[in-house]
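Have a look at the structure below before the remarks.
Whatever order the structure lists them in is the order used to number ligands and atoms, beginning at 1.
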Amino acid sequence: MDNILVIGSSGQIGSELVMALRKIYGNDHVFATDIKQPTPEVQETGPFQILDVLDFKNLLHFIVRYKITQVYNLAAVLSGNAEKIPLQAWDINMKALMNTLEAARQSDAKKLFWPSSIAVFGPTTPRHNTPQLTVMEPNTVYGISKLAGERWGEYYHNRYGVDFRSVRYPGLISYKTEPGGGTTDYAVEIFFEAIEKAKYQCFLKEDTALPMMFMDDAIANTIRLMQADPKKLTHRSAYNMAGISFDPKGISEAIRKHIPEFEISYKPDFRQAIADSWPASIDDSVAQKDWGLTNTYDLEKMTKLMLEKIKEMKG
Ligand code: AKB
């Protein structure tokens, strides 16, 4: 029987991943942890504990005490925030990863998921349909930490047999918990503001296309990768994950089909340069072939659901 530890369970991915894992593995077998309070759903359905992944002794103690066999480590400072505090962001992102890699090496929690990002690519990477293996020269703090993390994950796999698995997440779109400090956050904010104010001022230019994915697909694919036969995994750094590709103009037109009076304006800030260094679209055929990555939401389907759910939530 697997016991699963989710680190960063109060964040945008963690709060939904915990619920999906509890459905599969049972409430009592999925331990949610974070330095922030959880969502009511996470709190009410199973174990939650405050745990700082930067504290190695406590982390290892937790893993041994609760006989953890799998870890999902989602703790990270995202791209926009990392540019404001470069050295701290580097320390936090790297230490959080290294602590879980070391804990995996020293315990039975050998299976480790850690999210990489499209931020591992940079301005010299082919921008369209970016291949799995290509030039990688990220020029953001977050991207540099993600690329270094991928290399460390593969190293711990090859050297110590840690069952490290990772994907390069595109921007993730969800309505339950808002993201914090990323460059793709606009694609979540826009839905909330469309409903609340029927207008949105975007911090990226209208034609800045980026790869994105609806959270349900991201969660299903993450669990699919973790359940995949290890013999089928040809990459132990991180797999490209494409989802759908759109720009602010495209998403605003999709919203206008439901809210005709919706207006968008553009005021690019420092995050424009980050977005400009990232791919506009990604090729994830290797992940499709190795472990069956699938995407079920297109822009229209996602827009309709996001607007319905946010309206419901706002009552
Ligand atoms: C960010 O914008 O920083 C993240 C990411 C693409 O990794 N959403």
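- If you check which protein heavy atom lies closest to atom 3 (O) of ligand 1, you get Ser79 OG, 2.6 Å.
- When each atom of ligand 1 is checked for a heavy atom of Trp278 under 4.0 Å away, the hits are 1 (C), 2 (O), 3 (O), 6 (C).
- Residues Thr234 and Asp290 bring a donor and an acceptor atom of their side chains to less than 3.5 Å of each other.
- Salt bridge Arg165/Asp163: present, at least one basic N to carboxylate O contact under 4.0 Å.
- Atom 2 (O) of ligand 1 has its closest protein heavy atom at Thr183 N, 2.7 Å.
- Cation-pi check for Lys95 over Trp90 is not met; the charged atom does not lie both under 6.0 angstrom from the ring centroid and within 45 degrees of its normal.
- Proximity of a side-chain donor or acceptor of Lys110 to a complementary backbone N or O of Ala104 within less than 3.5 Å is detected.
- Using modelled atom types, one side-chain atom of Ser107 and one backbone atom of Ala109 make a donor-acceptor pair closer than 3.5 Å.
- For ligand 1 and Leu78, the ligand atoms under 4.0 Å from any heavy atom of the residue are 3 (O).
- Residue-ligand proximity, Gly182 to ligand 1, at heavy-atom distances under 4.0 Å covers atoms 1 (C), 2 (O), 3 (O).
- If you check which protein heavy atom lies closest to atom 6 (C) of ligand 1, you get Ser117 OG, 3.6 Å.
- Remark: the backbone N or O of Ala238 is paired with a side-chain donor or acceptor of Gln132 at under 3.5 angstrom.
- Here the protein heavy atom with the shortest distance to atom 8 (N) of ligand 1 is Thr184 OG1, 2.9 Å.
- Ligand 1 has no nitrogen or oxygen under 3.5 angstrom from a nitrogen or oxygen of Tyr169.
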